[in-house]
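Input: a single structure, listed below in structure tokens.
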Amino acid sequence: MRSRSHMRAIDTLRTALKAIIENERLTWPSKVVIEPPRDVTFGDLSVNAAMLLAREAKTPPRALAENFASKLMERCPDIAKASAAGPGFCNVTFTPEFWRTTVAEVEAAGDAYGTTSVGAHRRVLLEYVSANPTGPLHVGHGRGAAVGDSLARLLRMAGYTVDTEYYVNDAGRQMRLLGLSVWLRAKELCNLPVTWPAEGEYYKGDYIRDIAREMLAADPHLTDLPDAEGQERCYTTAMHKILDGIKSDLADFRVEHRLWFSEKTLVEGGAVDTAFAALSNAGHTYDKEHAFWFATEKLGDDKDRVLRKSDGSLTYFASDIAYHHDKFRRGYDWLIDVWGADHHGYVPRMRAAIAAMGKPQESFSVVLIQLVNLLREGKPVSMSTRAGTFETLSDVIKEVGTDAARFMFLSRKSDSPLDFDLDLVKQRTMDNPVYYVQYAHARICAVLRRAADRGISLPSLTPPALLSPLDTAEDMALLRKIAGFGDMLCAAAQSLGVHHVSHYLTELSGLLHSYYARHQVLQENDQPRSMARLALLRAVGQVLHNGLFVLGVSAPESM
RNA sequence: GCGCUCGUAGCUCAGUUGGAUAGAGCGACAACCUCCUAAGUUGUAGGUCGCAGGUUCGAUUCCUGCCGGGCGCACCA
């Protein structure tokens, strides 16, 4: 379903056209699309209604469109021009006065400009990053973090009530390996004999040795402990240290998680049994070959899945079901998970679990994050956690900065692979459009400062009369663009595609730079025009600011 | 082999859920600072939207089949 537009122009046109169509005793087709045409010379908006209604009206689409066009002009004073075009489009141009009032809309709303209520306060739980606390975050996690955090901001702008959560996998094999790895390093540092497990059965990164060293410094007798107890202590300490590091990296990256949810606590609280009972009561489980199975195949999965293995232990899927069951119990209407794209094969079984809980399909969404190919001077940088030769998120932030890294992550569809070249991201070219957008904002601020120096002051709400000098094609282009900001945010929220926001900002910045080069904003001999343009620029600056906020990128006042 | 996904300008990618003559940046070439920030602007060149069918007023978009790349197919997490 297409969401209803909030753009004032579209709203106005829809209302007028609806009345006309009803007057003709025709029915408003659900497939009506009102949108800006590809070519701006066609007008501000374009409607396909005549083509959809031709059959019912028994009139050629072109003639019907002409009829609609003339009625629109009679009926609606905001419409300056309406005409039939192409196979039966109806193209509409609004009056300049109509567009100018957009400035006041922006000024009145301020930081809230662009917010809508399509979300209707539905409660969303957005889970992202959730990396195992077995090592520092790397660049791939950074992409998921940027996308998740910006999605939260985006959905809030669209009127959803969003909680963000990090699921801490603090139970299971990975944690045992972490404890073992630190424990063995500690023994090694004390020159005790150590037999290393097979490759892949322990973590090798330098941070493991660092943690072992810190622990020994705090307690020189650490290695006197029996193996089991020592490993347990190492696991607990290491996990907390690593988690602290992750939290600090996320803070540096302007990424917020409001909730931190422990898998261990969940399991110990009996959530698995509760979830199992729910599935069993609905008749979705069975026992086979000493294992406990979940019949996911009937719910769209490739085959049924094991929940409790024949050795009595739980599968990862089991606790994940319990986790999602618990999310619903906490009252959320919509669960959004941000996962690495290598987990896409996991989606059908999770969907099956959601269905088995009796929840509608729309209540669960997965946003897949494709691989980040980290490059340096065009050459790939290896990123294996266990090999210990990865580039951490923290290193990348230090090198290129949070703004550039976030914008880069957010400027492409999250489910397609991304080449992240460290040298490129530091460059100030259009391969790296963050500067282009930030520069547009800084430029506007510079003009506003200059105006203030000259003693020109704008009212906080600009009266319409003051804006009448805005009459060029470039003025209209900017006004139309900022008028569409809220709709763009809605569309982006609906498709869970944050990249739409960065594309929009790049386009808006292009219009601004072009405008700036073409029209002198402050003119010594034309105070009224200066005021009007200043007000327009201030509004554009506000929109850039709001858009950058959604991306979690700063809007500098000077560069 | 099965499933998911992608294939759009030389390169990196958009394409608003089926609309009109398919866009942007980079790279190339050529113009713009006595003037509010040149991290900028303007212009030119560049395309069989992987291939072949189908659905309809209309397809880059939806369906089918091929070709090619990525990923996934555990009583792992």
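Annotation: of the two residues near RNA chain B, A/E557 and A/G86, the 5′-most nearest-nucleotide partner is A/G86. Remark on RNA chain B: of its neighbouring residues A/H499 and A/K303, the 5'-side contact belongs to A/H499, judged by nearest-heavy-atom nucleotide.
Counting only Watson-Crick and G-U wobble pairs whose two key distances fall under 3.5 Å, RNA chain B forms stems of three or more stacked pairs at B:1-5 with B:69-73, B:10-13 with B:23-26, B:28-32 with B:40-44, B:50-54 with B:62-66.
Side-chain N or O atoms of A/R62 include one that pairs as donor or acceptor with a backbone N or O of A/G86 at under 3.5 Å. Between the side chain of A/H138 and the main chain of A/G140, a donor-acceptor pair closer than 3.5 Å is present.
Here A/Y439 does not count as stacked on B/G40, because the ring centres are not under 5.5 angstrom apart with planes under 30°.
Taking atom P in both B/G50 and B/U60, one finds a spacing of 10 Å when rounded to whole Å.
A/L505 places its CG atom 16 Å from the P atom of B/A14, with the value rounded to the nearest Å.
Of all the residues in residues 40-55 of chain A, A/F42, A/S46, A/N48, A/M51, A/R55 reach under 4.0 Å from RNA chain B with at least one non-hydrogen atom.
Evaluation of atom-type donor-acceptor distances gives no pair under 3.5 Å for the side chain of A/T315 against the base of B/C75. Side-chain N/O atoms of A/H343 and base N/O atoms of B/G72 include no donor-acceptor pair closer than 3.5 Å.
Under 4.0 Å is where a charged nitrogen must lie from a carboxylate oxygen, and between A/R305 and A/E297 no such pair does. With respect to the salt-bridge test (charged N to carboxylate O, under 4.0 angstrom), the residues A/R8 and A/D11 do not qualify.
By the 6.0 Å and 45° rule, A/R351 does not stack over the aromatic ring of A/F364.
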